[in-house]
Amino acid sequence: MPDFLNRMVITPELNYDQLTIAEATLIQQQLRGHLNLEPLQIEAKTIAGADISLDLYSETVYAGLVVMSYPDLQPIAYSLVKSSTIFPYIPGYLAFREIPAILKAYEQLPVKPDIVMFDGNGILHARRMGIASHFGVITDAITMGCAKKKLAGQYVDPGPSKGEYTQVTDKGEVIGYAVRTKDNVKPVFISPGHQMSLEDSLTLALKCTGKHRLPEPTRRAHEYVNRFRIGTLTEGYHEFDSRTLF
DNA sequence: GCGACAG
DNA sequence: ATCTTGTCGC
């Protein structure tokens with residue numbers, strides 16, 4: 001935990017479930033002051049996708065991360081944790097609903113991934129504090145966001161071919177990109193979360209995209225937490241046998 | 001007040 | 001987010 005957390009309203013013991021929207025907004029404004037959008041300082045060798053799955057109207061959440069090699073994008077390990085939340089889904093406050101569970105799955109990883117890609121936004125957010133940025137700031141992890149729908153800002157539709165993209169702007173600043181990750185398919189919204197630049201997030205998103213609309217980390221994470229929810233996968237930390245990598 | 005609105 | 005069948009297109 002970054003030491004600054006103990007010097008402000010946010011403490012490691014803070015329970016998100018009991019926060020009011022006003023308090024959550026204040027926390028986002030404070031965390032924003034600790035954002036670092038400088039260019040990536042490392043050469044990534046692993047990248048993980050983070051996501052949650054849940055039954056409709058249920059407070060039980062199935063969270064998890066899938067760690068993949070980079071740039072090979074082969075699954076190396078995954079961490080799954082069953083948790084709960086009562087914080088409702090409110091556009092702009094997704095972090096308060098999903099982070100507690102994802103944090104447990106993250107802490108269960110014996111070795112942290114170089115980068116974590118979230119199913120949601122980084123700075124592509126009204127207060128520049130989407131779930132990816134929020135998680136990055138409180139854990140010091142390098143993060144980025146990949147959302148399937150636009151949350152904030154303005155943009156013009158990018159060209160129809162894979163690889164084309166346009167900027168998403170808000171109040172005069174670029175906060176992310178609308179990226180066509182597959183021919184003639186709706187774009188995804190990419191933005192840096194923490195400890196990487198806008199350009200880094202765009203480059204990484206494209207390098208992580210294969211034949212599907214969603215980048216591999218996010219796509220796999222979504223698949224795994226869903227299998228966990230329906231019972232095909234079990235809770236805990238799991239590593240793939242090195243033999244299966246060849 | 002009106003429209004927008006990640007998962 | 002999740003519930004769902006067929007169907008259009010590459």
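Nothing here was measured: the structure is a model prediction, and the numbers come from that model. Residue numbers start from 1 in every chain, and the chains themselves are labelled A, B, ... in the order their sequence lines are given, proteins ahead of strands.
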Output the rounded distance in Å from CZ (Phe189(A)) to C1' (dC5(B)). 13 Å
Tell me whether the side-chain N/O atoms of Lys149(A) come closer than 4.0 Å to OP1 or OP2 in dA4(B). no
Quick one: is Lys148(A) getting a side-chain N or O under 4.0 Å of the dG7(B) phosphate, OP1 or OP2? yes
With distance as the sole test, does Asp183(A) use its side chain to make a donor-acceptor pair with the main-chain N or O of Lys162(A) at under 3.5 Å? yes
Between dC3(C) atom C1' and Ile230(A) atom CD1, what is the distance in whole Å? 14 Å
Gap between atoms CD1 and P, on Ile90(A) and dC5(B) respectively (whole Å): 17 Å
Distance check: side-chain N/O of Arg229(A) vs OP1/OP2 of dC3(C), anything under 4.0 Å? yes
Using whole Å, report how far CG of Leu124(A) lies from P of dA4(B). 18 Å
Tell me: OH of Tyr89(A) to C1' of dT2(C), nearest whole Å? 14 Å
For atom CE of Met129(A) and atom C1' of dA6(B), their distance in whole Å: 15 Å
With sugar-phosphate meaning primed atoms plus P, OP1 and OP2, does Asn121(A) contact a base, only sugar-phosphate, or nothing at under 4.0 Å between heavy atoms? base
Can you tell me which nucleotide in dG7(B), dA6(B), dA1(C) comes closest to the side chain of His222(A)? dA1(C)
Students often get this wrong, so: under 4.0 angstrom with heavy atoms, is Phe96(A) touching a base, only sugar-phosphate, or nothing? nothing
Please state how far atom OH in Tyr62(A) lies from atom P in dT2(C), giving the value in whole angstrom units. 12 Å
Could you walk me through whether Tyr78(A) and Arg220(A) pass side chain to side chain contact (heavy atoms under 4.5 Å, CB included), step by step? CA-CA 10 Å; Tyr78(A) 59 94; Arg220(A) 288 296 188 188; over 6 Å; no
Please report the C-alpha distance between Thr232(A) and Arg227(A) in whole Å, then the side-chain angles of each, then the deciding distance to 0.1 Å, and finally whether the side chain to side chain donor-acceptor pair (under 3.5 Å) criterion is met. CA-CA 5 Å; Thr232(A) 297; Arg227(A) 288 182 57 184; 4.6 Å; no
Residue Leu56(A), side-chain heavy atoms: nucleotide from dC5(B), dA1(C), dG7(B) that is nearest: dA1(C)
Base, sugar-phosphate, or nothing: which does Leu54(A) touch, judged by heavy atoms less than 4.0 Å apart? sugar-phosphate
I need the CG-P distance between Asp183(A) and dC10(C), as an integer number of Å. 10 Å
By the definition side chain to side chain contact (heavy atoms under 4.5 Å, CB included), identify the one residue from Ile99(A), Asn121(A), Thr139(A), Thr143(A) that meets it with His134(A). Ile99(A)
Could you go through Val137(A) and Leu31(A), starting from their C-alpha distance and side-chain angles, then the distance that decides it, and tell me whether this counts as side chain to side chain contact (heavy atoms under 4.5 Å, CB included)? CA-CA 7 Å; Val137(A) 171; Leu31(A) 292 178; 3.8 Å; yes
Base, sugar-phosphate, or nothing: which does Gly92(A) touch, judged by heavy atoms less than 4.0 Å apart? base
